[in-house]
Amino acid sequence: MYTDILIIGAGVIGCAVARELSAYEASITVLDRACDVSEGASKANTGLVHAGFDAEPGSMKAKTNVRGAAMFQDLCEELGVPYVQNGALVVGFEEEDRFVLEGLLKRGEENKVEGLKILSGKEALKLEPNLNPNISYALSIPSAGITSPYELTFALADHAAVNGVSFQFNQEVKNLNLDEDGLWRVTTNQGEFTAKILINCAGEQSAVLHNMISAEPLHIIHRRGQYYLLDRIQPVPFERTVFQCPTKMGKGVVVSRTVHNNMIIGPTAEDIEDGQDTSTTAEGLKTVVEKSCLTWPGLALRSTISNFSGIRAHEKGGDFIIGEVNGAKGAYEAVGIESPGLSAAPAIGEMLRGLIVKKEGLQKKASFVPPIKRPKPFNEMTVEEQAKAVEENPLHGHIVCRCEVVTEEEIRQAIRRPVGATTLDGVKRRVRAGMGRCQGGFCSPKVIDILSEELNLPKTEITKSGGQSYLLTGNITDALKGEE
Amino acid sequence: MRHFSREVDVLIVGGGPAGLGAAIAVKENGIDNLLVLERANFLGGILGQCIHNGFGLHRFGEELTGPEYAQRDIDRVKELGIEIQTETMVLSVGEDLVVSAVSSKNGMQLIKAKAIILAMGCRERPRGALGTPGTRCAGIYSAGTAQQFVNLEGYMPGKRVVILGSGDIGLIMARRMTLQGAKVLACVELMPYSSGLNRNIVQCLQDYDIPLYLSHTVIDIKGKDRLTGVTIAKVDDNRQPIPGSEKDLECDTLLLSVGLIPENELSQGAGVDLSPLTSGPVVDDSFQTSIPGIFTCGNVLHVHDLVDYVSEESFKAGRSAAQYIKGLLPPADTVQVLDGEGVRGTVPQRIRLGQEESIALMFRPSGVFRNAVCTVTSGGRQIARKRAQIFTPGEMVTINLKKEEVAALSDSVTVSIERSK
């Protein structure tokens, strides 16, 4: 199959780039080895929009983070993705932490982050009374925010798709070659793609792909971060995201509310061999709890609803690598996109688009379709709005997920979106059915029914998250026949 | 002023055994304007998927299946002409006794009630609440979800099964999956005793040679897409895994039966006081909550072992709600019921003074007590006593206060278990 532009990786970076380029005259295809958009690091991170105080001044990280963070408000507004500028605090517990915080402040000012201020422990406690009373100082970062990383990625993908971008899933890249006629030939487990322009946004695999086409090898370290997610039934203890001051004991963990008012605590930082090993460990989870208690002494694990881990793609050099691939004509890349990659994503998309449009001489399309505005979730509507929604569509009157109050209509819409859900997890991340305290115990049989109906597949073909993750192994009579 | 879709005397949230029992009692006690709201498209709640027998021994003196038990109440409800709305989800219950509910058929309704009976039942504790590490693969279900797949949908959730927790639904599913051709490798229980009924241990595990590993837990979950295995380990007295005791079990399914949680989001929204011990509302002996006019019964109040007792409780709650409507349940001074040694989460938590009716106190022992005595004391005097060969957390204890003892109450009541000397 030929496409003008082939993007490898349907995470937040690949989708941001695809969306930017979809405004230009070119056929675009996005490949991903997973079954859906946002299946890698984009689905498993803290969901923070960092202000940019932390990155080395002058680095690619600093540049794209600060620019990306500035784009977030408008982007999320346009796409209808939740975003809250809730502010952040970096808290220290020792007298000498003041020096570390002052260092961060200075670095932030160099990066042109506005509004940074050192607070006394007392001032910090006034802002966030549930903090550990032993806080010595805090750095206040009013411009920090939070978003829903996978909802952002889905929205970027949908917007790209309505502008003609094709998404191809379950495509694992095996080989990359530049033809004699100057075309990129990409072999996957399913077939072959040719393209004039190749963009590597493959996250954890980005160095592997880079090394297939470049003489200057890169090396990705897989850094796993484990998290706990808490039930949103318990009141949010902190409005702001709370970081811990880095000490000689290492980097602390983050305690933050999410845009849906769950609390998220973590991550750990463990370098591991297998970049796909997103399992959690007893040790890792214990570390998360111990460190979180330092910030939040009132933490009660009674209300955990999930634990999970994500893998950051840390390039050995420590910075993002964004631009043309040296010595590989028509190939571009975003490699080593770890934290603050989510915050930087809009800027990385913009930057690669600018570069590619200029280098490849792309022409702007006469018309660019605006994003389909995400409907307001039923759960967030007023009673009057809910009444109207049910009147207009009776399927809104059928609540499928009782914990998160998700309607049948919302689940059907999640499947019918431009890049729609095909799995139980896909539905969960798009509309939160199964995201609540029962973790899909009650609604998953019903969601499987709806998926089976909408996708016209037998229930036994429906998976949790693609691949071999089948949910049902057969009907009950078949199971008995197997015994004979 | 708010517009109400309608006004009723008694509104019952939930059409499972508790809601149905309460509805029958409300009507039989002379209140006609009542409405039951049920979120599913059928009545009877979880009984519909409990196709095994063993229900109704206490109430009917015979062994019924879940659907048969439920049908008796459904028939009675229909006979009494009680109005039911199914596929109707209650979204909120207000302190002012205004309920919002939504359905495809009737849209959004705001209903004003004079009394409300909360009967939402309970839900299963999911994997996420346990903090068990490992991958997030397919093939991990709560036992009740698996039961729904098998008994209502006709699908098998897996072929090689390990069960974590020895709650009754897990035990029942061990047998059910076996009968349906699956291999059940083990039932793994963290505590040194089962949390299920003894009869289920015998009939569902022992009869099928399924080993029960007490003081064991699952410490790792493996498999990238679908579950491929779990690691179990023995735990010490502090429930911590003992290094060296690990054992790998190859399986494609892990069923969890690790506890039931009363589903009190609506109660919480209304501002009803909840007990941290039962996770259900705090009630007096009329099953009235901290909000006048809001009553509750069944598994949303505290998790029962047997549906027979749920029905019994719901009749009492229904009768109280009817009395409340008729003005026969005036506010009264109460004394507290306190958990003493060996006792956890006694219901009711308060007893009204100045009445003459016997009262059943229900609780779960906090551990296993052999050859022990349960006592109830008040004002330094023993007012009830029950001896048993064994008290265990898996079986709820009921101890009755005679009406003359209730009438004489003036001080708080303490329930305790003492080992016999």
Side-chain angles (χ1 to χ4, degrees), chain A residues 226 228-229 233 276-285 301-308 383 386-387 390-391 394-399 402-403 405 408 424 437-442 444-445 449 459-460 463-483, chain B residues 39 87-89 91-92 100 102-110 123-139 141-142 144-145 148-159 177 179-182 219-226 241 252-253 256 261 263 265 268:
Chain A
Q226 305 190 29
Y228 266 115
L229 189 71
I233 193 116
Q276 292 191 65
D277 181 7
T278 54
S279 52
T280 53
T281 63
E283 240 166 293
L285 293 173
L301 279 184
R302 245 176 102 108
S303 61
T304 61
I305 54 175
S306 184
N307 62 65
F308 64 93
V383 176
Q386 288 175 335
V390 182
E391 212 168 285
L395 289 185
H396 272 309
H398 181 207
I399 308 295
R402 58 172 87 163
C403 303
V405 193
E408 179 174 343
L424 202 58
R437 58 197 69 95
C438 90
Q439 288 284 291
F442 286 114
S444 49
D449 282 353
K459 288 194 215 180
T460 45
T463 65
K464 179 176 184 283
S465 52
Q468 299 297 308
S469 65
Y470 295 109
L471 291 155
L472 301 169
T473 53
N475 69 39
I476 50 173
T477 46
D478 287 349
L480 280 178
K481 276 179 214 149
E483 283 292 288
Chain B
R39 58 190 155 204
E87 291 183 90
T88 303
M89 176 88 174
L91 297 176
S92 69
S100 71
V102 69
S103 72
S104 294
K105 192 168 155 218
N106 298 311
M108 182 67 73
Q109 304 177 80
L110 270 187
R123 63 163 177 272
E124 299 176 281
R125 210 144 76 97
R127 172 192 176 185
L130 304 180
T132 309
T135 62
R136 300 175 56 72
C137 51
Y141 298 102
S142 54
T145 306
Q148 181 177 349
F149 280 129
V150 179
N151 292 350
L152 293 184
E153 318 261 331
Y155 283 88
M156 288 294 279
K159 294 172 179 163
M177 296 290 285
L179 290 174
Q180 218 54 55
I219 59 163
D220 198 13
I221 290 170
K222 290 171 282 192
K224 190 178 165 291
D225 287 346
R226 175 86 194 192
D252 68 2
T253 307
L256 304 179
I261 305 165
E263 199 159 52
E265 283 68 31
Q268 216 166 352

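None of these values were measured; they are calculated from a predicted model. These numbers come from the heavy atoms of this one structure, side chains and all, not from hydrogens, waters or symmetry mates. So you know, we letter chains A, B, ... as the sequences are listed, proteins then strands, and number each from 1.
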Handout entry: Portion of A:Arg437 that has a non-hydrogen atom of chain B nearer than 4.5 angstrom
Key = both
Practice task
For chain B, find which of A:Glu283, A:Gln226, A:Gln386 contributes the most heavy-atom pairs closer than 4.5 angstrom.
Solution key: A:Gln386
Practice task
Identify which part of B:Thr88 has an atom lying under 4.5 Å from any heavy atom of chain A, answering side chain, backbone, both or neither.
Solution key: neither
Practice task
Verify whether one side chain among B:Thr253 and B:Arg226 offers a donor that lies under 3.5 Å from an acceptor in the other.
Solution key: yes
Handout entry: A:Leu472, part contacting chain B, at a heavy-atom distance under 4.5 Å
Key = both
Practice task
Kindly confirm or rule out a cation-pi arrangement of A:Arg402 over A:Phe442, judged by NZ or CZ under 6.0 Å from the six-membered ring centre and within 45° of its axis?
Solution key: yes
Handout entry: Top contributor to chain A interface from B:Gly223, B:Cys137, B:Pro157, B:Ser92 [non-hydrogen pairs under 4.5 Å]
Key = B:Pro157
Fill in the blank from the handout: Checked B:Gly131, B:Gly158, B:Gly154, B:Pro241 vs chain A; the most non-hydrogen pairs under 4.5 Å come from B:Gly154
Exercise for the section: Applying side chain to side chain donor-acceptor pair (under 3.5 Å), name anything that partners B:Asn151, two or more places apart in sequence or on another chain. Expected result: B:Arg176
Exercise for the section: Identify which part of A:Gln276 has an atom lying under 4.5 Å from any heavy atom of chain B, answering side chain, backbone, both or neither. Expected result: side chain
Problem - Residue pair B:Val150 / B:Met156: nearest heavy atoms and the distance that separates them - result: CG2-SD, 4.2 Å
Fill in the blank from the handout: Turns out that what part of B:Ile219 lies under 4.5 Å from chain A's heavy atoms comes down to neither
Handout entry: Any side-chain donor near an acceptor of the partner, B:Arg136 and A:Ser306, under 3.5 Å
Key = yes
Practice task
Sort B:Asp252 into side chain, backbone, both or neither according to what part of it lies under 4.5 angstrom from a heavy atom of chain A.
Solution key: side chain
Practice task
Can you see which heavy atom on A:Gly466 is nearest to which on B:Asp225, and at what distance?
Solution key: O-CG, 4.3 Å
Problem - Which atom of A:Thr280 lies closest to which atom of B:Thr132, heavy atoms considered - result: OG1-O, 4.4 Å
Handout entry: Under 4.5 Å from a heavy atom of chain A, the part of B:Lys222 involved
Key = neither
Exercise for the section: Give the member of B:Gly139, B:Pro133, B:Gly144 that has the highest number of heavy-atom pairs under 4.5 Å with chain A. Expected result: B:Pro133
Practice task
Mind ranking A:Leu395, A:Val383, A:Ile305 by heavy-atom pairs under 4.5 Å with chain B and telling me who comes out on top?
Solution key: A:Ile305
Problem - Under 4.5 Å from any heavy atom of chain A - which part of B:Gln109 - result: neither
Exercise for the section: State whether B:Arg39 and B:Glu263 are salt-bridged, where the test is any N-O pair (Lys NZ or Arg NE/NH1/NH2 against Asp/Glu carboxylate O) under 4.0 Å. Expected result: yes
Practice task
Drop me the distance from A:Leu424's CG to A:Ser444's OG, to the nearest 0.5 angstrom.
Solution key: 5.5 Å
Fill in the blank from the handout: Heaviest contributor of heavy-atom pairs below 4.5 Å to chain A, chosen from B:Arg123, B:Arg127, B:Lys159, is B:Arg123
Problem - Contacts of A:Pro445 that satisfy side-chain contact (heavy atoms from CB on, under 4.5 Å) - sequence neighbours left out - result: B:Thr145, B:Gln148, B:Phe149, B:Glu153
Completion exercise
Under 4.5 Å to a heavy atom of chain B? For A:Leu285 that would be side chain
Problem - Region of A:Gln468 that comes under 4.5 Å of a non-hydrogen atom in chain B - result: both
Exercise for the section: Measure distances from A:Ser465 to the heavy atoms of chain B and classify the residue's part below 4.5 Å as side chain, backbone, both or neither. Expected result: neither
Practice task
Determine whether the side chains of B:Ser104 and B:Glu87 contain a donor N or O and an acceptor N or O closer than 3.5 Å.
Solution key: no
